[in-house]
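The next block holds one structure in the form of structure tokens; read it before the comments.
Every heavy atom of this structure was used, including side-chain atoms; hydrogens, water molecules and symmetry mates were not.
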Protein chains: 2
Amino acid sequence: MPLRIVIFDDNNNIRDSIGMLLKTEEQFELVGSFPHVLDCVDEVKACNPDVVLMDIEMPGMNGIEAVRLIKQAMPHTEILMQTVFEDDDRVFDSICAGASGYILKSQLNTRLIPFIKDLQGGGSPMSPTIARKVLGKMQEVSAVIRQEPGSDYKLSSREKEVLACIVNGLSHKMIAGELNISYETVRSHVKKIYEKLHVVSISQVVFKAVNEKLL
Amino acid sequence: MPLRIVIFDDNNNIRDSIGMLLKTEEQFELVGSFPHVLDCVDEVKACNPDVVLMDIEMPGMNGIEAVRLIKQAMPHTEILMQTVFEDDDRVFDSICAGASGYILKSQLNTRLIPFIKDLQGGGSPMSPTIARKVLGKMQEVSAVIRQEPGSDYKLSSREKEVLACIVNGLSHKMIAGELNISYETVRSHVKKIYEKLHVVSISQVVFKAVNEKLL
DNA sequence: GAAAAAATCACCAAACCCGGTGATAGGTCC
DNA sequence: GGACCTATCACCGGGTTTGGTGATTTTTTC
């Protein structure tokens with residue numbers, strides 16, 4: 001059973017030459033070729049391809065948005081993005097939308113066939129240059145996610161409990177009830193927390209706690 | 001000027017065979033080869049390599065931790081991870097630590113040379129299988145990061161300004177000064193904000209605003 | 001042009017928050 | 001055993017926040 005492939009690209013020449021290229025390998029079968037993505041979901045459903053070759057730059061709907069829709073409708077379809085630009089944001093957005101690989105148009109002739117085979121083998125083919133961008137973004141993102149505790153304010157465990165209550169919007173009185181201690185004791189803890197966090201109000205405590213993930 | 005390379009791997013045979021392999025290309029020069037990473041920072045500083053080939057599995061210190069230290073000390077050093085496992089978490093951790101590429105030990109013979117050349121060219125070489133894991137993680141992570149605005153509380157622009165002040169820890173009185181309006185006007189806005197956000201206190205406002213990225 | 005929404009301001013009373021200043025009791029560390 | 005930290009509780013007084021109620025002007029929307 002041959003691998004079913006669909007192309008979306010507004011450039012007729014590219015669609016044609018990709019068609020020619022695929023014909024040289026009998027394991028591939030071009031089952032659809034469209035100049036725009038306005039009806040892409042219906043078309044993909046009708047063609048039922050294993051692999052979609054998607055151009056990023058297209059009139060009407062954006063190729064990235066199309067990826068999102070196709071992946072939503074048919075999650076098991078593999079999508080290989082093709083583009084002339086190695087634009088950081090678009091690479092990133094394509095990935096988030098669900099693309100499985102990334103090929104530069106300048107490399108279509110030499111790389112398309114092996115890339116599709118990589119996809120078939122469960123891989124995510126992309127040029128090392130693209131991969132570098134992906135890794136860069138990944139590092140950036142991970143740095144945001146888990147900014148190290150760095151600043152440890154040495155709160156006692158009790159103080160952390162009180163802090164958690166504050167962040168959850170409880171008043172001092174409610175915290176007293178929650179933790180079964182007196183209102184004044186809560187106040188003592190709060191004062192200590194303010195001191196240790198170098199803040200002077202509830203709002204600053206909440207902001208700092210949430211922002212620096214003190215819980 | 002040849003490309004300077006350093007190897008870290010506890011397996012003597014692998015270190016030797018990589019050394020042999022690199023000798024076949026006169027543009028590469030093996031300037032260091034170590035069986036553990038306990039002194040890796042000093043060693044890398046002494047050897048001053050362009051590329052470090054790092055084994056993940058090693059006695060004593062973990063190869064990933066070593067990457068972190070080396071990248072901290074010498075940020076411009078390119079690091080190519082080598083491993084026998086395609087373990088998701090370790091791939092991810094390596095990337096976050098600062099690795100620039102990823103090669104399977106089973107592919108050392110055929111791929112090491114081109115991979116190092118990719119690194120030299122500013123790329124991030126990795127097998128399509130590894131790339132798939134990276135993309136998967138990336139999609140997962142990005143889904144966490146940008147939970148869509150979803151809940152739009154339809155705050156007016158003025159209310160958003162006041163909200164921003166609150167989140168930054170300003171008292172109502174200070175906000176009045178900041179925005180050049182009266183204290184009572186600030187209160188009106190605050191009341192509206194509470195109503196729209198379905199909250200009843202400053203702390204809840206700050207928590208909700210930060211958590212749902214309302215700014 | 002009328003209705004709706006946004007932005008502005010005002011007052012009262014109750015509740016709440018916060019700084020300062022203290023005290024007591026239990027645990028840890030040297 | 002004494003110094004130190006943590007957890008507990010208490011009072012005062014000033015300042016802040018909050019709910020309720022209401023008003024005027026400007027801008028937006030239909």
Side-chain angles (χ1 to χ4, degrees), chain A residues 146-215, chain B residues 146-215:
Chain A
R146 46 176 196 120
Q147 78 265 66
E148 46 251 80
S151 41
D152 178 14
Y153 297 96
K154 289 178 185 156
L155 296 179
S156 74
S157 60
R158 198 55 159 168
E159 282 157 6
K160 280 180 190 167
E161 287 184 89
V162 174
L163 176 59
C165 289
I166 290 179
V167 171
N168 278 302
L170 276 64
S171 73
H172 292 187
K173 201 179 282 185
M174 292 163 82
I175 296 173
E178 182 72 23
L179 300 182
N180 283 310
I181 53 181
S182 91
Y183 170 78
E184 286 298 334
T185 303
V186 174
R187 289 210 53 220
S188 291
H189 290 308
V190 172
K191 286 175 192 174
K192 260 291 182 229
I193 292 171
Y194 281 19
E195 198 182 316
K196 289 183 178 176
L197 262 54
H198 305 299
V199 300
V200 292
S201 71
I202 284 225
S203 47
Q204 290 173 353
V205 166
V206 175
F207 182 70
K208 203 151 191 171
V210 175
N211 232 15
E212 306 187 15
K213 305 198 197 302
L214 301 182
L215 307 180
Chain B
R146 45 177 197 123
Q147 77 270 48
E148 48 251 79
S151 41
D152 178 14
Y153 297 95
K154 287 172 185 159
L155 296 179
S156 74
S157 60
R158 199 52 159 169
E159 283 156 5
K160 281 180 190 168
E161 287 184 271
V162 174
L163 176 59
C165 290
I166 290 179
V167 171
N168 278 302
L170 276 64
S171 74
H172 292 186
K173 200 178 285 185
M174 292 163 83
I175 297 173
E178 182 71 24
L179 301 181
N180 283 313
I181 53 181
S182 89
Y183 171 78
E184 286 299 333
T185 302
V186 174
R187 290 210 51 218
S188 291
H189 290 309
V190 172
K191 286 175 191 176
K192 241 357 192 168
I193 292 171
Y194 281 18
E195 198 182 317
K196 288 183 177 176
L197 261 54
H198 306 298
V199 298
V200 292
S201 70
I202 284 231
S203 47
Q204 290 173 351
V205 166
V206 176
F207 182 70
K208 203 153 191 169
V210 175
N211 231 18
E212 305 186 15
K213 307 195 197 304
L214 300 181
L215 307 179

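Between atom CG of residue B:Asn168 and atom CE of residue B:Met174 there is a gap of 10.0 Å, rounded to the nearest 0.5 Å. Rounding to the nearest 0.5 Å gives a distance of 11.5 Å between CZ of B:Phe207 and OG of B:Ser201. From A:Ile175, atom CD1 reaches atom CG of A:Asn180 across 13.0 Å, with rounding to the nearest 0.5 Å.
Under a 3.5 Å cut-off, the side chain of B:Tyr194 and the backbone N or O of B:Ile202 do form a donor-acceptor pair.
Considering only side-chain N and O atoms, B:Thr185 lies under 4.0 angstrom from the phosphate OP1 or OP2 of C:dC9. The shortest distance between the side-chain N/O atoms of B:Ser157 and the OP1/OP2 oxygens of C:dA6 is not below 4.0 Å.
Contacts between residues 169-178 of chain A and DNA chain C, defined by a heavy-atom separation under 4.0 Å, are made by A:Ser171, A:His172, A:Lys173.
B:His189 has its NE2 atom 16 Å from the P atom of D:dT17, to the nearest Å. Atom CD1 of B:Ile166 is separated from atom C1' of D:dT18 by 12 Å (rounded to the nearest Å). For the pair A:Ile181 CD1 and D:dA10 P, the interatomic distance rounds to 11 Å; values are reported in whole Å. What separates CD of A:Glu195 from P of D:dC5 is a distance of 11 Å, to the nearest Å. What separates CD1 of B:Ile202 from C1' of C:dC18 is a distance of 13 Å, to the nearest Å. We find that CD of A:Glu159 is positioned 7 Å from P of D:dT6, with the value rounded to whole Å. When rounded to the nearest whole Å, the span between CD of A:Gln204 and P of D:dT17 equals 11 Å. Atom C1' of nucleotide D:dT8 and atom CD of A:Glu161 are separated by 14 Å, given to the nearest angstrom.
Across all strands, A:Tyr194 comes closer than 4.0 Å only to sugar-phosphate atoms, never to a base (heavy-atom distances). A:Ser182 comes within 4.0 angstrom of sugar-phosphate atoms only, judged by non-hydrogen atoms across all strands, and of no base. Counting any heavy atom pair closer than 4.0 Å across all strands shown, A:Ser156 reaches sugar-phosphate atoms only and no base atom. Nucleic acid contact class of B:Ser188 (heavy atoms, under 4.0 Å, all strands): base. Using a 4.0 Å heavy-atom criterion, one finds that B:Ser201 contacts the sugar-phosphate atoms exclusively.
Contact of the B:Ile166 side chain with the B:Val190 side chain is registered, since non-hydrogen atoms from C-beta on lie closer than 4.5 Å. Between A:Arg158 and A:Ile181 there is a side-chain heavy-atom pair separated by less than 4.5 Å. The closest side-chain heavy-atom distance from B:Leu179 to B:Val162 is below 4.5 Å. Contact annotation: the side chain of A:Leu197 approaches that of A:Leu214 to within less than 4.5 Å [non-hydrogen atoms, C-beta and beyond].
Each of A:Lys196, A:Glu159, A:Glu212 was compared with A:Tyr153 under the side-chain hydrogen bond (donor to acceptor under 3.5 Å, both in side chains) criterion, and only A:Glu212 meets it.
Taking the salt bridge (charged side-chain N to carboxylate O under 4.0 Å, His left out) definition, one finds that A:Glu195 meets it with A:Lys192, sequence neighbours left out.
Of the two residues contacting DNA chain C, namely A:Val199 and B:Arg187, the nearest-nucleotide position lying further toward the 5' end is that of B:Arg187. If you find the closest nucleotide of DNA chain D to A:Glu184 and to A:Lys192, the one lying nearer the 5' end belongs to A:Lys192.
End-to-end axis angle for the helix from C:dG1-D:dC30 to C:dC30-D:dG1, using five pairs per end and rounding to 10°, comes out at 70°.
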